[in-house]
Colleague: 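Please read through the structure below; I'll follow up with questions.
Chain letters run A, B, ... following the sequence lines, proteins first, then strands; residues in each count from 1. The basis for the numbers below is simple: all heavy atoms, side chains too, and nothing from hydrogens, waters or symmetry mates. Everything numeric in this text was worked out from a predicted model, so none of it was measured.
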4 protein chains.
Amino acid sequence: MQLGIVGLGRMGGNIARRLTLAGHSCVVWDRNEAAVQGLAAEGNTPAGGLEDLVAKLDAPRAVWVMLPAGGPTEATVKALAEVMSPGDVIIDGGNTFYKDDIRRAAELAPKGIHYVDVGTSGGVWGLERGYCMMIGGAKEAVDRLDPIFAALAPGLGDIPRTPGRESRDARVEQGYIHTGPAGSGHFVKMVHNGIEYGLMQAYAEGFEILKKKDSTDLPENERFTLDMADIAEVWRRGSVVSSWLLDLTAIALTKDDQLSDFPGAVADSGEGRWTVMAAIEEAVSAEVLSAALYTRFRSRQDHTFGEKLLSAMRFQFGGHTEFKSK
Amino acid sequence: MQLGIVGLGRMGGNIARRLTLAGHSCVVWDRNEAAVQGLAAEGNTPAGGLEDLVAKLDAPRAVWVMLPAGGPTEATVKALAEVMSPGDVIIDGGNTFYKDDIRRAAELAPKGIHYVDVGTSGGVWGLERGYCMMIGGAKEAVDRLDPIFAALAPGLGDIPRTPGRESRDARVEQGYIHTGPAGSGHFVKMVHNGIEYGLMQAYAEGFEILKKKDSTDLPENERFTLDMADIAEVWRRGSVVSSWLLDLTAIALTKDDQLSDFPGAVADSGEGRWTVMAAIEEAVSAEVLSAALYTRFRSRQDHTFGEKLLSAMRFQFGGHTEFKSK
Amino acid sequence: MQLGIVGLGRMGGNIARRLTLAGHSCVVWDRNEAAVQGLAAEGNTPAGGLEDLVAKLDAPRAVWVMLPAGGPTEATVKALAEVMSPGDVIIDGGNTFYKDDIRRAAELAPKGIHYVDVGTSGGVWGLERGYCMMIGGAKEAVDRLDPIFAALAPGLGDIPRTPGRESRDARVEQGYIHTGPAGSGHFVKMVHNGIEYGLMQAYAEGFEILKKKDSTDLPENERFTLDMADIAEVWRRGSVVSSWLLDLTAIALTKDDQLSDFPGAVADSGEGRWTVMAAIEEAVSAEVLSAALYTRFRSRQDHTFGEKLLSAMRFQFGGHTEFKSK
Amino acid sequence: MQLGIVGLGRMGGNIARRLTLAGHSCVVWDRNEAAVQGLAAEGNTPAGGLEDLVAKLDAPRAVWVMLPAGGPTEATVKALAEVMSPGDVIIDGGNTFYKDDIRRAAELAPKGIHYVDVGTSGGVWGLERGYCMMIGGAKEAVDRLDPIFAALAPGLGDIPRTPGRESRDARVEQGYIHTGPAGSGHFVKMVHNGIEYGLMQAYAEGFEILKKKDSTDLPENERFTLDMADIAEVWRRGSVVSSWLLDLTAIALTKDDQLSDFPGAVADSGEGRWTVMAAIEEAVSAEVLSAALYTRFRSRQDHTFGEKLLSAMRFQFGGHTEFKSK
């Protein structure tokens with residue numbers, strides 16, 4: 001079927017590619033003209049702007065917006081709403097805060113335009129492996145777009161089936177899910193990313209404990225010099241902690257077990273923050289997800305004001321001056 | 001090759017079974033006579049006691065002790081050391097604290113008896129999937145036992161290979177690793193379990209945030225009723241958080257998405273505690289691993305003294321009495 | 001000077017009392033007629049409603065709103081704005097979220113009405129000890145209200161003076177501070193409460209560690225039965241952890257060192273949550289403040305879905321069934 | 001009464017001074033001859049070594065060891081035990097791990113020598129304010145030393161009395177407590193320090209949230225530039241978070257509200273670590289005390305291996321390269 005795509009960065013471009021491979025027909029636009037021409041050369045229909053893109057689609061239309069969350073997506077959704085028609089669907093495939101989805105769906109409803117939010121996991125591996133998608137929106141719109149989602153999803157592959165799913169929604173095993181009304185797709189994706197932070201931090205702490213086991217601060221007969229790359233590898237094979245993130249860890253450590261390309265300042269995206277805020281709104285104790293987030297905050301600083309204050313208090317009550325000359 | 005096995009519980013019994021299937025020959029003993037007879041019926045050689053077991057093995061012997069950590073293992077290692085000979089190997093396959101391994105290896109060294117510690121992951125799935133093993137001990141002893149480890153390990157299977165491992169230790173890809181001297185096997189396994197706690201807690205928090213998204217404490221238009229089982233399933237397929245623990249989560253939630261069989265009091269074993277203590281000894285900030293442990297501590301209590309104290313302080317400074325009548 | 005007071009609960013009533021004692025003149029109103037009559041009997045001028053209250057004040061007027069944050073305060077501020085005049089001041093002395101203050105001040109500005117937010121600490125002890133106040137708003141308005149703040153503040157008392165404050169704002173030593181523009185008073189008060197949560201939790205954990213030192217899970221020669229009330233008392237006297245919260249702890253523990261009046265379910269107010277959210281917005285690692293909040297969340301639940309999920313995973317990978325029968 | 005003092009650093013020296021002022025008579029020794037001469041010039045009796053010190057005391061003797069925990073204290077206790085007599089008392093006033101106290105008391109018991117452990121809080125302010133002391137040991141020995149403890153303790157001072165203490169141990173209000181058998185004094189002091197870490201961290205986080213409220217990452221109308229020194233001061237006066245640590249914070253911030261003398265690398269002593277380990281042994285969830293400890297660990301590092309691993313994973317799954325060039 002036909003799909004308009006706005007935003008041809010790595011994610012948007014790969015979505016067009018995967019859909020084209022599956023026989024779908026994409027009309028593409030990006031404010032970067034080179035990106036449009038590149039996709040056109042791969043068999044997609046180039047558009048000259050949002051209006052042109054909408055004009056090149058048959059009603060009822062569907063346009064997938066794949067832009068940075070916040071301003072760029074908001075502006076595009078608004079502009080599309082001006083030129084689209086009742087029965088059309090706007091899909092936000094970015095990392096939008098789910099409360100913005102709820103608001104937008106309510107704003108578009110009077111115009112008869114559907115709003116569908118798609119949380120997409122899979123990263124740079126998605127073109128090859130397929131994208132795991134969490135989809136919020138009206139049933140009618142989501143069902144109509146099924147061929148698109150089916151083509152983007154990874155499919156059953158060789159992942160073992162979970163027993164007892166026979167009577168359940170078959171789409172889920174293909175790697176996409178209709179989670180509920182607008183906003184719910186991005187909400188589930190947001191929590192997914194929160195979990196991701198927690199998992200990553202659990203591995204990070206574990207490997208750091210392994211790594212520092214050769215510290216000269218330890219008694220000599222209690223020190224071990226452990227092989228990080230081999231340990232990551234062996235855990236991939238039959239252990240309880242095997243995971244895709246561990247697969248990636250093994251790749252990284254095999255390449256360089258000192259990880260010297262990585263200074264250690266770790267970015268965080270909105271999802272980790274929003275997940276903790278959602279936990280607080282629900283009165284859920286999210287110790288691990290918060291700690292994972294805070295580690296990233298701390299990783300991007302040299303010394304904090306709080307740490308200086310700790311030293312200042314120690315100086316006041318104990319006369320501890322060891323650090324003044326450091 | 002020949003192996004003596006002491007301790008025929010689920011783990012010890014399955015190890016004997018997997019070795020027998022692979023053509024090895026096991027001499028087995030347990031203080032539970034029925035367990036011995038059961039294994040004998042499956043083709044293993046029964047022994048009448050430790051001395052008999054040692055007598056039924058050809059030198060240089062290897063005896064795998066698969067007993068609860070602490071007293072039972074300690075007593076058995078000591079007793080075996082009395083009846084074994086220079087060049088023999090005692091293997092501790094249980095969950096021993098690694099500092100006990102270091103001590104035991106040093107105690108056995110003057111007798112010429114090798115001590116090998118094997119941290120084993122794989123749980124009840126090990127008989128079928130194979131065991132991921134982390135092995136500490138002298139190279140000579142570990143190398144000699146290679147056929148045993150190779151038979152117990154899961155092998156390559158259909159897990160994708162990590163690029164760049166061509167020149168590395170081939171055993172690791174088979175699912176077992178010689179981590180270093182005595183104690184290092186259990187140390188690595190201990191950290192593995194610490195990570196396991198952290199991973200589990202990350203999923204637990206995430207699913208709780210999803211679950212409570214239908215709370216009536218939230219604004220009505222921000223509530224979602226989400227399908228826990230379907231979300232676990234979809235994340236198995238192409239998402240960043242896919243893992244074996246998530247596979248198990250999907251199985252459990254598909255069976256009963258209320259998890260009503262599980263009251264929620266969660267046990268912790270020594271490894272989680274020891275991992276945090278190791279982190280502290282190394283001055284590693286193990287926020288996530290600690291939080292995961294503390295959640296289990298808290299899950300097993302009704303109300304803590306600390307919580308009562310919080311209420312008491314609130315009453316003192318604010319006259320907050322709302323909970324007095326509860 | 002004259003002050004209107006709306007909301008005659010414990011806080012509002014005590015503020016009127018403390019101001020009357022200091023020679024100020026209060027016009028009071030509450031929708032609870034009995035509260036109005038009670039305060040009238042203590043020498044305050046009763047009003048029959050907001051309009052009447054405003055009419056009974058001379059311009060430029062000042063009305064202190066002491067109501068629950070959220071709806072009640074919002075409605076009252078809006079209603080007052082309708083009947084007040086340019087140059088008047090509306091004071092919000094409640095626990096309003098500071099972003100609401102910022103918004104309200106902006107909404108009132110075109111009408112020439114000042115908005116002053118006062119974060120007030122001191123709880124039930126305030127009538128006697130005085131209130132520590134953190135005040136946001138325009139300098140002109142805050143300065144004009146100085147006699148009110150001076151009367152409510154605790155004053156220098158016998159608290160030792162901090163060296164080097166000679167050239168600094170003298171009001172601060174009296175126990176009130178003009179923190180900056182509207183919203184900043186409640187922001188500082190909010191962080192104050194966040195810190196309060198952290199301090200309380202530090203004591204709670206410490207006393208729990210002391211309390212459980214007699215646990216039969218510990219080796220017999222490592223158990224101590226400690227006197228909670230005496231320890232709280234001794235720490236008040238020359239130790240590094242002495243504080244007002246510890247004074248209150250000593251009072252509570254001396255009354256009943258089992259704290260049996262307190263079931264242990266601990267409420268949390270908005271400030272603790274907002275403080276953590278503010279930390280996240282600023283990318284500050286607020287581990288302790290978050291953990292203190294999460295403990296309260298957890299204290300109000302029996303078992304969480306997350307904990308059940310941990311048990312369910314353990315059952316899947318390890319066959320751990322110990323808790324099924326519990 | 002007479003007291004021997006070994007170890008004349010700041011703490012040991014001040015203890016001698018405070019005792020001398022109170023009319024007691026100290027025999028002092030330190031391997032630093034100048035320290036001995038200094039104290040001798042202040043009226044104490046100098047000793048030429050441990051044996052001489054013991055010889056200069058009348059039986060039953062009491063010797064206060066005020067040395068770094070671990071090796072120095074251990075060696076001195078052992079050496080004193082060689083030259084002291086049944087009925088004598090060895091006092092360890094340092095920061096010894098309480099399990100070492102338990103062991104030492106048991107080792108000295110057959111010789112009839114008492115072992116008393118004194119946890120001492122008060123830091124550099126102790127000479128002037130007096131020391132808060134937590135004392136473990138046999139009743140007989142602790143009672144005999146009462147004049148010493150009474151002289152070192154701060155006494156009632158002007159700290160308000162806690163209601164209901166009339167029938168309780170009067171020593172506690174003077175600032176010293178007999179907590180139980182040997183080891184319990186240092187155990188209580190250890191937990192005291194754990195709490196201290198938690199309190200300090202709560203303030204540190206709160207002030208950092210205040211400080212960063214002027215961050216340009218925040219929306220312009222939500223920024224405040226707050227006065228750290230004034231806020232610390234105002235909270236000392238009637239607020240719920242007033243404490244001695246806050247008094248010290250106000251002193252430090254008034255001197256320099258940028259705290260530029262303090263680089264921010266914060267040391268931790270054994271007590272913080274031991275407190276967390278004690279919590280784990282007792283299965284107490286010590287989130288806040290652990291987080292406070294971990295912050296100090298992290299403050300002393302540039303970037304951790306764990307943080308690099310987070311970046312490495314992000315690079316693998318998302319191609320996030322932003323930090324590679326940093």
Colleague: Could you pull out the closest heavy-atom pair between Ser311(C) and Ala265(B), with the gap in Å?
Modeller: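 Answer, listing the atom of Ser311(C) first, then Ala265(B): OG-O, 3.7 Å.
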Colleague: Testing the basics here: between Thr249(C) and Leu309(B), what is the closest heavy-atom pair and its distance to 0.1 Å?
Modeller: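 Shortest heavy-atom contact: CG2-CD1, 3.8 Å.
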Colleague: Heavy-atom distances under 4.5 Å only: say whether Ile209(B) touches chain C with side chain, backbone, both or neither.
Modeller: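 The answer is neither part of Ile209(B).
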Colleague: Hey, what do you get for CZ (Phe315(B)) to CZ (Phe262(C)), rounding to the nearest 0.5 Å?
Modeller: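 These two atoms lie 5.5 Å from each other.
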Colleague: Sequence neighbours excluded and cut-off under 3.5 Å, please list the side-chain donor-acceptor pairs for residues 287-295 of chain B, or say none.
Modeller:
| unit_1 | atom_1 | unit_2 | atom_2 | d |
| --- | --- | --- | --- | --- |
| Ser290(B) | OG | Ala286(B) | O | 2.8 |
| Ser290(B) | OG | Tyr294(D) | OH | 2.5 |
| Tyr294(B) | OH | Ser290(D) | OG | 2.5 |
| Thr295(B) | OG1 | Gln201(B) | NE2 | 3.4 |
| Thr295(B) | OG1 | Ala291(B) | O | 2.9 |

Colleague: Give, for atom NE2 of His303(C) and atom CG of Leu259(B), the distance between the pair rounded to the nearest 0.5 Å.
Modeller: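 If we round to the nearest 0.5 Å, His303(C):NE2 and Leu259(B):CG are 13.5 Å apart.
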Colleague: Can a donor-acceptor pair be found, under 3.5 Å and without considering hydrogens, that links the side chain of Trp244(C) to the backbone of Phe317(B)?
Modeller: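 Side chain of Trp244(C) to backbone of Phe317(B): no pair is present.
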Colleague: Checking Arg296(B) side chain against Glu307(C) main chain: does a donor-acceptor pair fall under 3.5 Å?
Modeller: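 The answer is no, because no donor-acceptor pair under 3.5 Å joins these two groups.
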Colleague: Based on non-hydrogen pairs under 4.5 Å, which of Gly122(C), Ala312(C), Gly126(C) is most in contact with chain B?
Modeller: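 Most heavy-atom pairs under 4.5 Å with chain B: Ala312(C).
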Colleague: Can you give me the closest heavy-atom contact between Arg314(C) and Met200(B), atom names plus distance?
Modeller: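 Scanning both residues, the minimum pair turns out to be CG-CE, 3.6 Å.
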Colleague: Quick one: list whatever passes salt bridge (Lys or Arg N to Asp or Glu O under 4.0 Å) with Asp100(B), sequence neighbours left out.
Modeller: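 For Asp100(B) the salt bridge (Lys or Arg N to Asp or Glu O under 4.0 Å) partners, ignoring immediate neighbours, are Arg103(B).
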Colleague: Does the side chain of Tyr203(B) come within less than 4.5 Å of Met313(C)'s, by heavy atoms?
Modeller: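 In contact.
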Colleague: How many angstroms lie between atom CZ of Phe305(B) and atom CD of Glu208(C), to the nearest 0.5 angstrom?
Modeller: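 One gets 8.5 Å once the value is rounded to the nearest 0.5 Å.
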